[in-house]
Amino acid sequence: MTCFEGSSTALVVIDQGTTQRRHWQDLPPELLGKFGIYRVWRLDRRTLEKRANQLKAEGFQTDWRQPRPERF
C-alpha cells in the first residue's frame, strides 16, 4: 500500500457520464458541488488506491501519460 502524505482525501472533478463507468462505482464520494455536467467529489485516498490496485490486478493499464490532442 502507498504511504500517504498530506490529506487523506482527494478532490476529483468528474463528468456525469464518467461517473457511470464501473470503476467509479461504489467509491462513496462526498459530493461537494455540481457545475453543468461536472461533479466535484471528495474521495478517501485509501479507497481510491484500493480501487486502482484492483483494476491493475484485473489487467487495466493506465494511459493518462499518453498524449491525446483535443479534437474539435
Side-chain angles (χ1 to χ4, degrees):
M1 176 154 274
T2 302
C3 177
F4 293 106
E5 293 183 19
S7 179
S8 62
T9 61
L11 293 180
V12 176
V13 177
I14 189 167
D15 68 81
Q16 210 170 351
T18 302
T19 66
Q20 302 305 309
R21 292 186 180 174
R22 181 181 68 87
H23 50 272
W24 290 104
Q25 300 296 308
D26 304 320
L27 288 175
E30 176 185 350
L31 179 63
L32 300 177
K34 296 179 183 181
F35 306 93
I37 65 168
Y38 296 102
R39 305 291 181 258
V40 179
W41 287 356
R42 182 186 314 271
L43 292 170
D44 179 80
R45 286 178 62 187
R46 287 183 182 91
T47 303
L48 200 53
E49 183 75 17
K50 281 172 119 177
R51 177 59 50 88
N53 289 334
Q54 288 171 345
L55 291 170
K56 288 177 190 176
E58 292 174 13
F60 284 88
Q61 295 183 5
T62 60
D63 65 356
W64 61 271
R65 290 185 175 146
Q66 296 174 1
R68 287 192 204 157
E70 289 188 61
R71 298 179 186 182
F72 297 94

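Atom set for the values below is all heavy atoms of this structure, side chains included, hydrogens, waters and symmetry mates excluded. The shown structure was predicted, so the numbers you read here are calculated from the model rather than taken from an experiment.
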Query - Derivation and outcome, side-chain contact (heavy atoms from CB on, under 4.5 Å), residues Trp41 and Leu11 - result: CA-CA 6 Å; Trp41 287 356; Leu11 293 180; over 6 Å; no
Report task. Could you walk me through whether Thr18 and Tyr38 pass the side-chain contact (heavy atoms from CB on, under 4.5 Å) test, one step at a time? Result -> CA-CA 10 Å; Thr18 302; Tyr38 296 102; over 6 Å; no
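Taking the side chain to side chain donor-acceptor pair (under 3.5 Å) definition, one finds that Thr47 meets it with Asp44, sequence neighbours left out. Applying the salt bridge (charged side-chain N to carboxylate O under 4.0 Å, His left out) rule to Arg42 yields the partners Glu30; only residues at least two apart in sequence or on another chain are considered. In this structure Gln16 satisfies the side chain to side chain donor-acceptor pair (under 3.5 Å) test with no other residue, sequence neighbours excluded. Applying the side chain to side chain contact (heavy atoms under 4.5 Å, CB included) test to Glu58 and every residue at least two apart in sequence or in another chain returns Arg22, Leu55, Phe60. Annotation: side chain to side chain contact (heavy atoms under 4.5 Å, CB included) contacts of Asp63 (sequence neighbours excluded): Gln66, Arg68. Partners of Ala10 by side chain to side chain contact (heavy atoms under 4.5 Å, CB included), not counting sequence neighbours, listed by chain and number: Arg45, Leu48.
Here the closest heavy-atom approach between residue Arg51 and residue Asp26 is recorded as NH2-O, 3.9 Å.
Lys50 contributes atom NZ, which lies 11.0 Å from atom CG of Leu27 (distance to the nearest 0.5 angstrom). Between the CG atom of Leu43 and the CD1 atom of Ile14 there is a distance of 8.0 Å, given to the nearest 0.5 Å. To the nearest 0.5 angstrom, Lys56 atom NZ is 11.0 Å from Gln61 atom CD.
For the pair Arg39 (side chain) and Thr19 (backbone), a donor-acceptor distance under 3.5 Å is absent. Between the Thr62 side chain and the Trp64 main chain, no donor and acceptor come within less than 3.5 Å of each other.
Cluster annotation: Leu32 and Phe35 are assigned to the same hydrophobic cluster (Ile/Leu/Val/Met/Phe/Trp/Tyr, side-chain heavy-atom contacts under 4.5 Å, transitive). Cluster membership for Val13 and Ile37, using ILVMFWY side-chain heavy atoms within less than 4.5 angstrom, is shared.
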